[in-house]
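A note on names: the letters A, B, ... follow the listed sequences, proteins ahead of strands, and every chain is numbered from 1.
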Number of protein chains: 4
Amino acid sequence: MPYRSSDKTRQKKDAKRTAMMQAAVRVFAEKGYHAATIRDIVAAAGVAIGTFYFYFPDKETLFVHLYEETADFLLQAIRQAISSRATLPQQIAAGLQAYVNIAVFEPAVIQLLLVGGVGAVPSLTVKQHEFREKLVQIWQRPLQNADTLIAPQNTQRTAEALVGGFDEVVLGLLRHPEAGSQAGTAVQELTRFALRAVGYTGS
Amino acid sequence: MPYRSSDKTRQKKDAKRTAMMQAAVRVFAEKGYHAATIRDIVAAAGVAIGTFYFYFPDKETLFVHLYEETADFLLQAIRQAISSRATLPQQIAAGLQAYVNIAVFEPAVIQLLLVGGVGAVPSLTVKQHEFREKLVQIWQRPLQNADTLIAPQNTQRTAEALVGGFDEVVLGLLRHPEAGSQAGTAVQELTRFALRAVGYTGS
Amino acid sequence: MPYRSSDKTRQKKDAKRTAMMQAAVRVFAEKGYHAATIRDIVAAAGVAIGTFYFYFPDKETLFVHLYEETADFLLQAIRQAISSRATLPQQIAAGLQAYVNIAVFEPAVIQLLLVGGVGAVPSLTVKQHEFREKLVQIWQRPLQNADTLIAPQNTQRTAEALVGGFDEVVLGLLRHPEAGSQAGTAVQELTRFALRAVGYTGS
Amino acid sequence: MPYRSSDKTRQKKDAKRTAMMQAAVRVFAEKGYHAATIRDIVAAAGVAIGTFYFYFPDKETLFVHLYEETADFLLQAIRQAISSRATLPQQIAAGLQAYVNIAVFEPAVIQLLLVGGVGAVPSLTVKQHEFREKLVQIWQRPLQNADTLIAPQNTQRTAEALVGGFDEVVLGLLRHPEAGSQAGTAVQELTRFALRAVGYTGS
DNA sequence: TATGAATGAGAATTCATTCAT
DNA sequence: TATGAATGAATTCTCATTCAT
């Protein structure tokens, strides 16, 4: 019996914690790390300042944590989309579609990862590198697997360049209000771009 | 002897102003806009705080100015490299070489443009968009000119993706201390990547 | 036990706020707007600098607010004293007595209104004019009501001159440490002065 | 011969010094002591900052000096106007006319004495008191001389009140752009006010 | 757990003043 | 004499963080 109550408490607490983190993501994404104040965050979450420090040790830790979680979410989504397809063109299209979907429906995720946290917190630099590297690895894998269907190349470098290109286009989409309407075209064009870039000769 | 105004004094002042701006670029590049304090900048320049405000109106104005100047410098270097070559492969190789050279010898330039100023100052957002757009245009031009030698495509989108790809690779280079040694290889690989990506069929 | 918000806490906060405002009035009155620093004010109130900004938006806003409140207090006191009497001589004597009382027992009020804030803040100029005008109106009213008992005259001008005269004498009183002892005489003499000045012929 | 040249030099220097002082009066009058910067003053005088410190030791000293000179000028003008007339009504009218003239044609003088310097500089307080006292004495003298023609009274107190009244009205005039057109009426009304206030029974 | 009043280090900016030329 | 570049103390204000309730 007692543990059930404790369970509920735990759940409640987690719910509040999660709500605060979501509020924080929104605020960080919108204003960037430095311009976002704790007051902004607690206001967005509808709690008091003290409550923030009950759930999180400090601003920087929260931000780094948020960055990691968000990065994992994005990586997982792309990884999952790619791994659920069989051929390289399908993998690229699916991975891109997943990425663009997130950009359109959760722009805060992209904002946080590609804009809000860039060069803001020293302790984040390492995490950022890790994130970039993992992203590259995710895109490099299908290239390695399609070994015989693409041009001979340094797949790591190719994946790096693709990742950068995807980011640039996606950020460009977000700069325009009607991001959603362009998304489909962008995915197609980027897919073709990527296939050419790797020298795909299948079909 | 009413103080010679326009001669050496003038030059000295300009020299000092330039020296201070260079110091500021270094500091901004290293720490990012917010983490860089006026104290950091004047310390790096070896002057007093008041001196900063004698030469510049305020932190933000200086930063925006620096960003613009640096952006113009980079754009000009790449534009110039591209326009001095005749064929697409040469143009791409030359443009990339120019870009990578700056990254290797003036890493602060790339740091300032791609990292230190991202999401830092609201009044900079517009300038950043302009910078990205100009960069895209610079790379789009040779594609348009090589019209018949490349695959049919949305050259604007392609240029966007290339620009993003180049940036990512260059930032990757800077992450490693021995950037210089990798630079040559990176230029070659990126050139081939780009030629494939545009579907170049010349020779 | 989520923190009782509206009870004692509220009252305490208001009390502190009031205490800080009183401290601020003292400091502003003593040093004038510019010479009074936030440090002075918080030192006088026995709190930290941050506390000031928790209660008030900034120095100027507080000062203007203080000025308005103080002006209203003084105006109300004089208005009330005058309106509670029936004849002109009584009205003048009562109004003056009220004014002098405040000067003697709350010299900071007069100091703030007539000295500390003069020419200090641009945004205050309008308030100052309003204050002077209201003061003139207060003294003009009894003159208009005693219409038939005083010399024909521009009562507005007369009231202006009386107001200026009263201020000068009151400030003179405050210049001497034993202001209180002279106060009674001053009220009598000023009353007679005013009655002559309006050409009062009653009795 | 040499002394002639030195003489000219002296004159030139004095001329420049005077020009700078006039510029300073204008600036102090317009902005008040604290808001007026040395840069403002030298800009108004058309010289360099260093030049200021060649002629004057520092800002405060200059201001106090300016205050004294301006006060002397005003006192002398009124004193002179009064002493050149024979009867009390003429004396009051002439003194007021002189005062109002200065207010209309040299508003900076009044601004400096009655507004710009009030409560601004601690070291000025004494000078201000002296100024007020001298002004009171100037107006008290004719009252004492008209001893038998006015009501029995404390002429010092009366003079104080008159001085304050005159100031208030004059400041009121300056608040309106068309000060000049109202000046004549104001002098007449104030003269009558003053004559009534002293209980003048002549004629 | 939750609150929000209180803190104070630190940042940007101003401006009177100095001094080498 | 005259200049104006250079200085740095002092000021206002912000904001992450603490802690008594």
Side-chain angles (χ1 to χ4, degrees), chain A residues 9 12-13 16-17 34-42 47-62, chain B residues 1-5 7-10 12-13 16-17 20 34-42 45-60 62, chain C residues 1-5 7-10 12-13 16-17 20 34-42 45-60, chain D residues 9 12-13 16-17 34-42 46-62:
Chain A
T9 307
K12 241 197 204 162
K13 179 176 171 180
K16 193 155 199 173
R17 195 185 142 88
H34 276 106
T37 69
I38 302 292
R39 295 191 110 83
D40 290 334
I41 294 170
V42 297
V47 299
I49 286 189
T51 309
F52 177 91
Y53 287 92
F54 178 76
Y55 286 100
F56 311 105
D58 56 41
K59 186 184 177 185
E60 182 167 339
T61 304
L62 169 64
Chain B
M1 233 168 297
Y3 200 88
R4 222 51 67 73
S5 165
D7 289 1
K8 266 184 301 178
T9 307
R10 182 89 181 169
K12 243 191 190 168
K13 186 176 172 182
K16 190 150 200 175
R17 197 186 144 85
M20 291 184 65
H34 275 107
T37 70
I38 303 290
R39 289 195 116 80
D40 290 334
I41 294 172
V42 297
V47 299
I49 286 189
T51 307
F52 178 90
Y53 288 95
F54 179 73
Y55 285 98
F56 312 107
D58 56 40
K59 187 184 174 185
E60 182 169 340
L62 171 63
Chain C
M1 239 170 293
Y3 199 88
R4 222 50 68 72
S5 165
D7 289 1
K8 265 185 299 177
T9 307
R10 183 87 181 170
K12 244 191 191 168
K13 186 177 173 182
K16 190 151 202 173
R17 197 185 143 87
M20 291 184 65
H34 276 107
T37 69
I38 303 290
R39 288 194 118 79
D40 290 335
I41 293 172
V42 297
V47 298
I49 287 189
T51 307
F52 178 90
Y53 289 94
F54 179 73
Y55 284 98
F56 312 108
D58 57 39
K59 187 184 173 185
E60 181 168 340
Chain D
T9 308
K12 241 194 201 162
K13 179 177 171 181
K16 195 155 198 172
R17 195 184 141 88
H34 276 106
T37 69
I38 302 291
R39 294 192 111 84
D40 291 334
I41 294 171
V42 297
V47 299
I49 286 190
T51 308
F52 177 91
Y53 287 92
F54 177 75
Y55 286 100
F56 312 106
D58 58 40
K59 187 184 176 185
E60 182 168 339
T61 304
L62 169 63

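Rounding to whole angstrom units, NZ of residue C:Lys13 and C1' of F:dA20 are separated by 16 Å. Put simply, CD on C:Glu60 is 14 Å from C1' on F:dC13, counting in whole angstrom units. Spacing between atom CZ of A:Phe54 and atom P of E:dG4 amounts to 16 Å, rounded to whole angstrom units. Atom-to-atom, CG of A:Leu62 to C1' of F:dT17 comes out at 14 Å; the value is rounded to the nearest Å. When the P atom of F:dC15 is taken as reference, atom CZ of A:Phe52 falls 15 Å away, rounded to whole Å. Look at NE2 on C:His34: it is 18 Å from P on F:dA10, rounded to the nearest Å. Rounded to an integer number of Å, the gap from A:Ile38 CD1 to E:dG4 C1' is 14 Å. Distance A:Lys59 NZ to F:dT14 P: 15 Å, rounded to the nearest Å.
Annotation: of the two residues near DNA chain E, C:Ala48 and D:Ala36, the 5′-most nearest-nucleotide partner is C:Ala48. Where D:Gly50 and B:Asp58 meet DNA chain E, the nucleotide closest to each residue was compared, and B:Asp58 sits on the side nearer the 5' end. Between B:Val47 and C:Ala35, the residue anchored closer to the 5' end of DNA chain F is B:Val47, taking for each the nucleotide with the nearest heavy atom.
Across all strands shown, E:dA12 forms a Watson-Crick or G-U wobble pair with F:dT11, both key distances being under 3.5 Å. The partner of F:dA16, taking Watson-Crick or G-U wobble pairs whose two distances both stay under 3.5 Å, is E:dT7. Across every strand in view, F:dT21 sits in a pair with E:dA2 that passes the Watson-Crick or G-U test at under 3.5 angstrom.
When every heavy atom of C:His34 is checked against every heavy atom of C:Lys59, the shortest pair comes out as O-NZ, 3.7 Å. Across every non-hydrogen atom of D:Tyr53 and D:Asp58, the tightest pair is CE2-CA, 4.1 Å.
At least one side-chain nitrogen or oxygen of D:Lys16 sits closer than 4.0 Å to the OP1 or OP2 atom of F:dA2. Here A:Thr51 reaches the OP1 or OP2 of E:dT3: one of its side-chain N or O atoms lies under 4.0 Å away. A sub-4.0 Å separation between OP1 or OP2 of E:dT17 and a side-chain N or O of D:Tyr53 is present.
Heavy atoms from other residues, nucleotides or ligands lying under 6.0 Å from CZ of D:Arg17 number more than 12.
Counting any heavy atom pair closer than 4.0 Å across all strands shown, A:Tyr55 reaches sugar-phosphate atoms only and no base atom. In this structure, B:Ile49 reaches the bases: a heavy-atom distance under 4.0 Å links it to at least one base atom across the strands shown.
No side-chain heavy atom of B:Leu62 sits less than 4.5 Å from a side-chain heavy atom of B:Tyr55.
Screening D:Ile38, D:Thr37, D:Val42 for a side chain to side chain contact (heavy atoms under 4.5 Å, CB included) with D:Asp40, the sole residue that qualifies is D:Thr37.
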